[in-house]
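A quick write-up on the structure given underneath.
Side chains are part of it too, since the values below use all heavy atoms of this structure and drop only hydrogens, waters and symmetry mates. In this text, all values refer to a predicted model and were calculated from it rather than measured experimentally.
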Amino acid sequence: MENVVKHTRKVVEIDPVTKTEVVRHEKVWNYTIADISLLAFGTSFPQISLAIIDAIRNVGNLYAGGLGPGTLVGSAAFDLFPIHAVCVVVPKAGELKKIADIGVWLVELFWSFWAYIWLYIILKVWTPDVITLWEALLTVLQYGLLLTHAYAQDKRWPYISLPIERDERPEEWVPEESPYFAKEGHDKMDFSEICPMSEEHGETVDIFSIHSVNPTDQRYERVAQIDDNVAQVSGKAKEMITEDVHLLKIWKQQFVDALTLESLEAKKLNNAYLRMGRILWQLLLLPWRFLFAFVPPCHIAHGWISFICSLLFISGIAYIVTRITDLISCVTGINAYVIAFTALASGTSWPDLVASKIAAERQITADSAIANITCSNSVNIYVGIGVPWLIDTFYNFIAYREPLRIQDAGGLSFSLLVFFSTSVGCISVLVLRRLIFGAELGGPRLWAWITCVYFMLLWIIFVVLSSLKVSGFI
């Protein structure tokens, strides 16, 4: 996704004064659209593919499968509570990261809340316990309305956007330099050393230190030496160097990394038990890492081939998960909704957690980290539930002229009410943090951890109450 969003296009304009050509490079992707489509859709694809597979298996049945909707509602709770809890404590102690564009976040938040209100309306108010073809179609179409409204707010279109000014946003969606380029450049370039020296009013750096290949002073830091002839290095030059790296070499390195059980950092550990624990963990991950090493490198076609192949691999794993869940529910007698709310929701939401955590670490604002959470919740309903229901309702309308019946609509609607109530408590705390600390993420370490624990408690409340309801104890 990072390589897709970094893509730029060449724009040639004529200067009205000098009548000369002015060449500039502008981003192909808009920040807001990238967050809602690529980031939110990509990280929510495990839940979406699981729900679509469940719907396809259920085609011809008058009753909808419960695995997909249960997973998506449970995933929404996991996105909102545990992922917010992680993102709050990710920034360094005292570091504050706030939402730069409050207007776009409010639009995304509105459509996120409306998604669950809409779901409750069609389940219990409009046509109780059944879903019609038009209801499913309207659910899917609202994802397009979300994209349009968010883009209008980002561009500050008159009449339909909120008159809220945005703060400065980072120029790049993600840091420009990729880890692979940094590693290759580090190995190939000469180095010089710098020595920090404390002074009365701050810290200065001696850039005229001696040049040594093997420095003995631990205070020295190795930095890239820049030749006078290449002092002005542009982003285009870095891109050309990256493209020159042989793609097969990169692909081969993916398999080497996947089959490596112990990294160089792990070998430096003195604790044998800790090293053994890391090796066992790598053994557990080995089959999955080896499997996804077959995904082509993200340097090809601006990352699109890698992005699509990753989604296909995830779909295959989602199918296996649905089969395993059916077996577990059959053997243990645990309600499929309970498994969906807990294990499946947590597992399929792991990409959301990783994406938001990385965004909270690497970006100077909290826009993408929090937007991924709110937008993923919207995508879960409009696409994750809308598309599977559209498939089943369309077949039932053609074959039987009957709507799609929801087997446990009472339990699902109860979970929606619990989620809506607890989410108000979550958003209220984020607003309070903005008013008190000036930012949603980070801040004083103690209060960050208190917020983290509070969000986790809200998630536990949702899971317990929802599980008790679908199990018949409430």
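Annotation for A150 and I36: closest pair CB-CD1, 3.3 Å, computed over non-hydrogen atoms. A pairwise comparison of heavy atoms in V295 and S310 identifies CG1-OG, 3.7 Å as the closest pair. What you find for L162 and G103 is that their closest heavy atoms are CD1-O, 4.3 Å. Contact detail for S315 and F45: the closest heavy-atom pair is OG-CE2, 3.0 Å. Across all non-hydrogen atoms, the minimal contact from R434 to I99 is NH1-O, 3.1 Å. Considering every non-hydrogen atom in both V104 and Q153, the closest pair reads N-CG, 3.6 Å.
Using modelled atom types, one side-chain atom of S423 and one backbone atom of F420 make a donor-acceptor pair closer than 3.5 Å. In terms of modelled atom types and a separation under 3.5 Å, the side chain of S356 and the main chain of A369 share a donor-acceptor contact. No side-chain donor-acceptor contact under 3.5 Å links R362 to the backbone of A359. A donor-acceptor pair under 3.5 Å is formed between the side chain of S49 and the backbone N or O of P46. Looking at W251, its side chain does come within 3.5 Å of a backbone N or O of A293 through a donor-acceptor pair. When atom types are taken as modelled, the side chain of K97 and the backbone of G442 share no donor-acceptor pair closer than 3.5 angstrom. In this structure a side-chain-to-backbone donor-acceptor pair under 3.5 Å is missing from E361 to V90.
A search for salt bridge (Lys or Arg N to Asp or Glu O under 4.0 Å) contacts involving R289 returns nothing, not counting sequence neighbours. A search for side-chain contact (heavy atoms from CB on, under 4.5 Å) contacts involving L457 returns V453, not counting sequence neighbours. The salt bridge (Lys or Arg N to Asp or Glu O under 4.0 Å) test applied to E108 returns no partner, not counting sequence neighbours.
Taking OG from S466 and CD1 from I461, the interatomic distance works out to 11.0 Å, rounded to the nearest 0.5 Å. Here the CG atom belonging to L96 is positioned 13.0 Å from the CD1 atom belonging to I364, to the nearest 0.5 angstrom. Separation of atoms OG (S467) and CD1 (I339) is listed at 10.5 Å; rounding is to 0.5 Å. The structure places CG of L286 at 11.0 Å from CG of L291, a figure rounded to the nearest 0.5 Å. Of the inter-residue distances, the one linking I385 atom CD1 with L119 atom CG reads 5.0 Å to the nearest 0.5 angstrom. For the atom pair CG of L412 and CG of L417, the computed distance is 10.0 Å after rounding to the nearest 0.5 Å.
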List, one per line, each side-chain donor-acceptor pair under 3.5 Å for residues 70-84, sequence neighbours excluded.
unit_1: T71; atom_1: OG1; unit_2: L67; atom_2: O; d: 2.7
unit_1: S75; atom_1: OG; unit_2: Q47; atom_2: NE2; d: 2.6
unit_1: S75; atom_1: OG; unit_2: S349; atom_2: OG; d: 2.6
unit_1: H84; atom_1: ND1; unit_2: L80; atom_2: O; d: 2.6

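Between V256 and Q253, the closest side-chain pair of non-hydrogen atoms falls below 4.5 Å. Annotation: side chain of Q254 is in contact with side chain of P297 (closest heavy-atom distance under 4.5 Å). The shortest distance between side-chain heavy atoms of D154 and V107 does not fall below 4.5 Å. Residues C375 and F41 form no side-chain contact, since every pair of their non-hydrogen atoms from C-beta on lies 4.5 Å or further apart. The shortest side-chain heavy-atom distance between S346 and W459 falls under the 4.5 Å cut-off.
Ring centers of Y120 and Y116: at least 6.0 Å apart, outside the cut-off.
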* Take W111 and Y143, measure what ring-ring contact (aromatic ring centres under 6.0 Å, His included) needs, and give me the verdict at the end. => CA-CA 9 Å; W111 284 100; Y143 180 61; over 10 Å; no
* **Residue pair K155, N30: steps toward the side-chain contact (heavy atoms from CB on, under 4.5 Å) verdict** => CA-CA 10 Å; K155 295 300 182 180; N30 174 268; 3.8 Å; yes
* To do: Go through I117 and I121 one step at a time and tell me if the side-chain contact (heavy atoms from CB on, under 4.5 Å) criterion holds.
  => CA-CA 6 Å; I117 295 173; I121 290 174; 4.0 Å; yes
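Using a 30° and 60° split on the angle between ring planes, W29 and W304 fall in the tilted class, from 30° to 60°. Taking the six-membered ring for Trp and thresholds of 30 and 60 degrees, W118 and W114 have ring planes inclined between 30 and 60 degrees apart. Using cut-offs of 30° and 60° for the angle between ring planes, the F313 and F292 rings count as tilted.
A side chain to side chain donor-acceptor pair (under 3.5 Å) check over residues 445-457, counting only residues at least two apart or in different chains, returns the pairs R433-T451. A side chain to side chain donor-acceptor pair (under 3.5 Å) check over residues 375-385, counting only residues at least two apart or in different chains, returns the pairs S44-S376, D352-S376, N372-S376.
The closest side-chain donor-acceptor pair between T374 and W105, if any, does not fall under 3.5 angstrom.
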